[in-house]
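Atoms within a ligand are numbered from 1 in the order they appear, just like the ligands themselves.
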Amino acid sequence: MNSTVTEQLIDFNEKQRVFHLHNNLISYIFSIEKGGFLSHLYFGKRVRNYHGQLKNPQRDRGFSDNLPGTQDRTYSLDFLLQEYSSQGDGDFRKPAAVIRQANGSQSTFFVYRAHTISSGKPKLEGLPAAYLLDGSEAQTLTVTLEDELSHVELELMYTIYRDRPVIARSVKLTNKGTTTINVEKLASLQLDLPADRKQVISLPGAHMNERHLERENVNFGVKSFSSRRGTTSHQMNNFIALCDPNTDEFTGDVYGFSLVYSGNHKEEVEKDPYGAIRILVGINDEQFDWQVKSKQSFQTPEVLLTYSDNGFNGLSHTLHKLLRERVARGKFQYALRPILVNNWEATFMDFNEDKLKPLVAEAKQLGLEMFVLDDGWFGHRDDDRSSLGDWQVFQKKFPAGLKRFADYVHTNHLKFGLWFEPEMISIDSELYRQHPDYMLQVPGRQPSPSRDQYVLDIGREAVRENIHDQISQLLDSCPIDYIKWDMNRHLTDIYSKALPAERQGETFHRYVLGLYKLLEELTTEYPNILFEGCSGGGGRFDAGLLYYMPQSWTSDNTDAVARMQIQYGTSLAYPVSSMAAHVSVSPNQQTGRTTSLQTRGAVAMSGVFGYELDLTQLTVAEKTVVKKQVSLYKKIRPIIQYGTFIRLLDPSKGNHCAWMFVATDKSVAVVFSFKLLAEAQPDFKRLKLAGLDPQKDYQNTTSGEIFGGDELMNTGFYESIQPGDFNSQMYYFKLV
Ligand code: DGJ
């Protein structure tokens with residue numbers, strides 16, 4: 001053991017054989033038990049000292065196997081709260097690790113060997129992860145476990161931040177044996193909690209319907225949330241939370257689990273026969289099989305484990321700050337994001353330079369700050385059947401090249417943004433004609449098209465280099481300020497021509513590692529470009545991508561009412577500075593719903609704001625509203641993007657939705673409140689705010705009324721009743 005740290009966040013009690021990770025907010029405690037197995041004891045609100053009272057209760061439980069070579073019937077891994085479990089060792093719950101050895105055995109017994117405690121946080125090679133600005137911000141405990149027979153070693157890494165209720169966890173496996181092994185499963189995190197009534201929150205959805213808050217009881221058996229689509233997916237986000245039945249937005253315990261990864265994932269929640277709960281989070285083990293030769297290692301992605309005793313808003317507050325301050329990077333991490341207009345819902349692919357210019361000119365008139373040219377500017381792309389992979393300008397649409405158009409945008413004092421979909425290939429493309437082998441395809445089998453496109457094997461260096469070089473040639477020849485990085489299908493035909501038969505199970509993860517490599521290169525080489533992630537809307541909204549791209553298109557659904565739920569759910573785990581939201585045309589193109597420009601503006605202004613409609617078609621009155629929205633957003637933008645976001649009323653629970661933003665110094669609060677359907681006899685409900693200074697007075701700048709911060713939070717106020725559906729109100733309160 002090597003203990004190098006003086007100011008301890010991590011203690012090891014030699015006598016009790018107990019680790020205690022702590023800061024002022026949280027404690028995480030686990031022990032080394034008989035036989036060298038690690039047992040979880042506690043995670044939650046800080047306790048000053050642990051006095052050893054949680055020794056695992058023992059009992060002779062039928063059909064729970066005991067340790068090999070012992071006679072003790074009361075000790076079984078089957079009901080020990082384990083810190084990290086494996087398979088074939090008598091623990092019949094879902095395992096964290098499954099290792100196939102040269103002789104075909106999948107059994108391992110991982111026991112404690114050593115540990116180190118050090119300042120700082122090690123980097124995870126090739127993977128995004130939370131970082132530190134200086135080594136004193138956190139300390140890391142690394143516990144080494146070994147399976148004696150196979151000589152496979154696991155390093156369990158725990159980094160505790162000094163000032164945040166956050167523990168970052170990951171696992172590194174090293175094959176110290178002489179024969180090759182296969183990792184069939186290696187969770188980034190296991191958390192076993194004692195028997196209790198708990199609920200789990202997940203963020204399921206679909207394309208155009210992402211990240212709805214789903215809350216359910218944890219019942220006996222295993223419930224898993226996952227993606228096997230090669231990417232995070234719209235269908236199930238890689239964030240879950242575990243809470244008490246009475247936890248609400250402001251009170252109660254909640255644990256958050258954010259996987260910093262953008263590929264197949266699985267979050268398992270198991271209630272065992274005795275009521276204890278096991279959580280496993282990591283790369284999805286289905287279709288995963290990673291070969292580790294002697295002396296080689298495998299590193300899992302990281303999970304950010306968070307705890308709040310202030311309900312869901314408390315959890316979100318921690319996550320928003322953490323993702324903004326210690327996961328997002330680069331020049332735009334804290335930059336005010338430009339208000340943009342995107343031509344997608346305005347023109348789709350039916351445009352050329354002449355048709356776009358009036359849109360640009362109008363954007364300038366209305367005070368916007370960036371013009372984004374979406375899909376259809378490259379190859380010979382007039383529809384979605386061609387040209388992915390050919391990142392050269394479409395001469396028919398831009399006869400003098402893209403630079404002339406970019407210059408036009410810039411002379412209008414707007415930034416210029418451009419859409420790419422770098423991970424894809426069309427059969428009708430030069431890239432395919434030259435490199436038909438670049439795509440994922442099972443030999444001899446016809447690959448499945450989706451949106452008429454196929455997936456590049458981005459895990460291969462040659463493929464990455466080709467795409468990298470094409471993109472950088474374009475970026476070097478044309479002044480581009482922003483890139484929208486899209487991905488419009490999921491992965492099928494999982495077979496990489498670069499891998500031998502026995503390594504095909506690595507294809508999915510290698511794809512993600514390849515993507516990270518490409519993104520790391522491009523974002524480093526072009527630090528002045530703002531990157532926005534996108535995958536058919538919010539299909540790859542995760543903490544891993546946020547490390548490279550500080551914002552993401554939240555959903556292809558731009559309907560203001562649908563967006564309320566999508567943004568409400570997304571905000572549980574992701575900061576507002578990462579959520580792009582645009583005003584689009586009404587009736588909405590995805591739902592056919594009619595909403596006012598005011599409500600559309602209010603919802604979009606609650607994120608990274610922009611427009612996505614033909615500005616030239618707006619009436620004079622609408623242009624006046626847009627100008628007002630744009631100038632209002634410029635005023636409130638710092639608070640929206642970097643203030644404290646608080647959810648007040650959940651749109652899925654009633655006819656009302658509300659949220660607010662508070663400046664970090666509590667001097668200003670911006671509140672958005674939405675009434676969904678009109679009612680002839682509405683309830684007189686009061687809106688109560690949160691996060692204000694109770695000792696100070698605030699003025700509603702529209703009405704001039706003065707309220708105590710305590711009044712706004714406790715008595716609340718009645719809102720005016722407006723006729724019609726889908727109304728919105730905004731309140732701006734400032735300290736008197
Ligand atoms: C899906 C994106 O989410 C849209 O905003 C748009 O960029 C299209 N792709 C373009 O193909």
request  = Would you list the pairs meeting salt bridge (Lys or Arg N to Asp or Glu O under 4.0 Å) in which at least one residue belongs to residues 575-599, sequence neighbours left out?
outcome  = Asp559-Arg593
request  = Could you note down all residue pairs passing salt bridge (Lys or Arg N to Asp or Glu O under 4.0 Å) where residues 515-532 supplies at least one of them, sequence neighbours left out?
outcome  = Arg329-Glu520
remark   = Residues pairing under ring pair (Phe, Tyr, Trp, His ring centres under 6.0 Å) where one sits in residues 450-490, two or more places apart or in two chains, turn out to be His234-His490
Is the charged tip of [X] near the ring of [Y]: under 6.0 Å from the six-membered ring centre and within 45° of its axis?
| X | Y | result |
| --- | --- | --- |
| Arg381 | Trp391 | no |
| Lys266 | Phe225 | no |
| Lys397 | Phe351 | yes |

key: First-shell residues of ligand 1 [heavy atom, distance under 4.0 Å]   = Trp344, Asp374, Asp375, Trp419, Arg451, Lys484, Asp486, Asn488, Cys534, Gly536, Gly537, Trp553, Asp556
